[in-house]
Number of protein chains: 2
Amino acid sequence: MPDFQQQLREVALRVTRPRLAVLEAVHAHPHADTESIIASARALLPEVSHQAVYDSLHTLTDAGLVRSIKPAGSVARYETRTGDNHHHVVCRSCGEIADVDCAVGHVPCLTASDSHGFVIDEAEVIYWGLCPDCTSRPQ
Amino acid sequence: MPDFQQQLREVALRVTRPRLAVLEAVHAHPHADTESIIASARALLPEVSHQAVYDSLHTLTDAGLVRSIKPAGSVARYETRTGDNHHHVVCRSCGEIADVDCAVGHVPCLTASDSHGFVIDEAEVIYWGLCPDCTSRPQ
DNA sequence: CTGCCGATCTTGACTGATTCAAGAAAGATG
DNA sequence: CATCTTTCTTGAATCAGTCAAGATCGGCAG
């Protein structure tokens with residue numbers, strides 16, 4: 001279990017109980033949506049407000065301690081695995097998300113053939129398909 | 001200008017004035033959001049309801065005549081360029097979107113190293129960065 | 001050309017994730 | 001411990017998108 005208190009100090013953020021609870025919740029349930037994170041955080045800190053969770057998630061995302069994912073058709077989801085350029089595979093049927101590393105190399109697809117003058121700093125890849133459960137249980 | 005009436009018939013959809021107006025609007029303004037499409041469609045068909053536009057966009061998307069894009073932090077956007085596996089670059093500052101072809105080849109990044117048993121049918125890539133305007137005009 | 005049937009459209013209300021705002025509480029620093 | 005901000009609580013608001021009921025229209029059969 002990472003030292004979340006330490007992580008917060010390293011990015012010059014105040015150590016507050018809501019933030020610790022949110023970090024722990026996101027770490028324990030990768031790819032969880034905000035509602036689930038609120039529930040998990042309240043297991044640790046019963047009176048935390050939903051707004052504090054939203055604020056914490058934004059702050060932690062800006063600081064790079066958590067990463068948010070928003071596949072089309074899904075609400076925002078969060079994870080603590082950051083800074084390693086991994087991607088996600090999303091089930092079209094049930095919305096299940098899993099991590100994947102791109103086969104192409106360290107900086108996959110970062111080179112667009114013609115970027116129209118844009119200065120690109122990140123390539124985000126979402127693989128769409130069916131998870132094992134939904135594949136074996138059609139309809 | 002493509003024959004939208006013909007396109008609708010080819011996918012067994014009824015040819016209605018709202019659908020023609022929506023197709024024409026999306027074709028004329030690639031990457032436009034729903035509100036803009038409603039406005040453009042009303043230039044052609046003044047009394048069209050927002051619900052008809054939403055319905056048409058869904059139907060046309062399901063039929064493959066238009067494609068929707070939902071970058072994180074943006075509302076849904078649409079384009080008529082479909083079926084060619086191109087990707088998008090999105091400006092973090094102003095939200096501007098441009099098309100890009102992936103340099104890697106025809107099926108970029110479609111091979112994940114470990115897909116956790118998912119059956120993958122599409123890889124969606126979004127490049128994040130700054131557009132030329134926002135690069136030259138910082139802050 | 002006319003009538004019918006089901007798909008599609010209009011109207012209007014509603015939902016729900018996320019945001020905004022004002023005041024209260026609580027980290028951090030000296 | 002005192003002070004100054006930042007952060008949190010509370011409660012309301014926003015807004016893209018959806019739902020539902022009835023009216024209308026496109027396509028096809030006669």
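Residue numbering restarts at 1 for every chain, and letters A, B, ... go by the order of the sequence lines. As the structure is a prediction and not an experimental result, all values here were calculated from the model.
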Could you tell me whether [X] contacts a base, only the sugar-phosphate backbone, or nothing, with contacts defined as non-hydrogen atoms closer than 4.0 Å?
| X | result |
| --- | --- |
| T59(B) | nothing |
| R17(B) | nothing |
| S49(A) | base |

Inset, instruction - Go through DNA chain C in 5' to 3' direction and return only the first and the last nucleotide with some atom under 4.0 Å of chain B's heavy atoms. - result: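 Using the under 4.0 Å cut-off, the span is dG6(C) to dG12(C).
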Legend entry - Reference residue T80(B); test side chain to side chain donor-acceptor pair (under 3.5 Å); the match among H27(B), H29(B), Q7(B):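 Running side chain to side chain donor-acceptor pair (under 3.5 Å) over H27(B), H29(B), Q7(B) with T80(B) returns exactly one hit, H27(B).
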Find the distance [X]:[atom1] to [N]:[atom2] and express it as a whole number of Å.
| X | N | atom1 | atom2 | result |
| --- | --- | --- | --- | --- |
| R77(B) | dG17(D) | CZ | P | 10 Å |
| H50(A) | dG11(D) | NE2 | P | 11 Å |
| R19(B) | dC25(D) | CZ | C1' | 12 Å |
| D55(B) | dG26(D) | CG | P | 16 Å |
| Y54(B) | dC19(D) | OH | P | 13 Å |
| K70(A) | dA16(D) | NZ | P | 15 Å |
| H58(B) | dT18(D) | NE2 | C1' | 9 Å |
| L8(B) | dG26(D) | CG | C1' | 12 Å |

Inset, instruction - Check whether more than 12 heavy atoms from other residues, nucleotides or ligands sit under 6.0 Å from atom CZ of R17(A), and answer yes or no. - result: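 No.
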Inset, instruction - Tell me, please, which residues at least two apart from H58(B) pass ring pair (Phe, Tyr, Trp, His ring centres under 6.0 Å). - result: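 Per chain and number, H58(B) pairs via ring pair (Phe, Tyr, Trp, His ring centres under 6.0 Å) with no residue.
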Legend entry - No-hydrogen, no-angle side-chain donor-acceptor test under 3.5 Å, H86(A) and D101(A):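 The criterion, which ignores hydrogens and geometry beyond distance, is not satisfied for D101(A) and H86(A).
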Legend entry - Donor + acceptor pair across side chains of H88(A), E79(A) (<3.5 Å):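 Side chains of H88(A) and E79(A): pair found under 3.5 Å.
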Inset, instruction - Would you kindly compare E35(A) and A12(B) by the position of their nearest DNA chain C nucleotide and give the one closer to the 5′ end? - result: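 The answer here is A12(B).
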Inset, instruction - Evaluate the side-chain proximity of L13(A) to L60(A): yes if any heavy-atom separation is below 4.5 Å, no if none is. - result: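 Result yes, sub-4.5 Å side-chain heavy-atom pair found.
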Legend entry - Residue pair Q5(B) / L20(B): nearest heavy atoms and the distance that separates them: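 Closest approach of Q5(B) to L20(B), heavy atoms only: N-CD2, 3.7 Å.
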Inset, instruction - Output yes when at least one side-chain N/O atom of R14(B) is less than 4.0 Å from OP1 or OP2 of dC25(D), else no. - result: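 No, outside the criterion.
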Inset, instruction - Using heavy atoms to find the nearest nucleotide of DNA chain D for L13(B) and Q51(B) separately, return the residue whose nucleotide is more 5′. - result: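 Closest to the 5' end, via its nearest nucleotide, is Q51(B).
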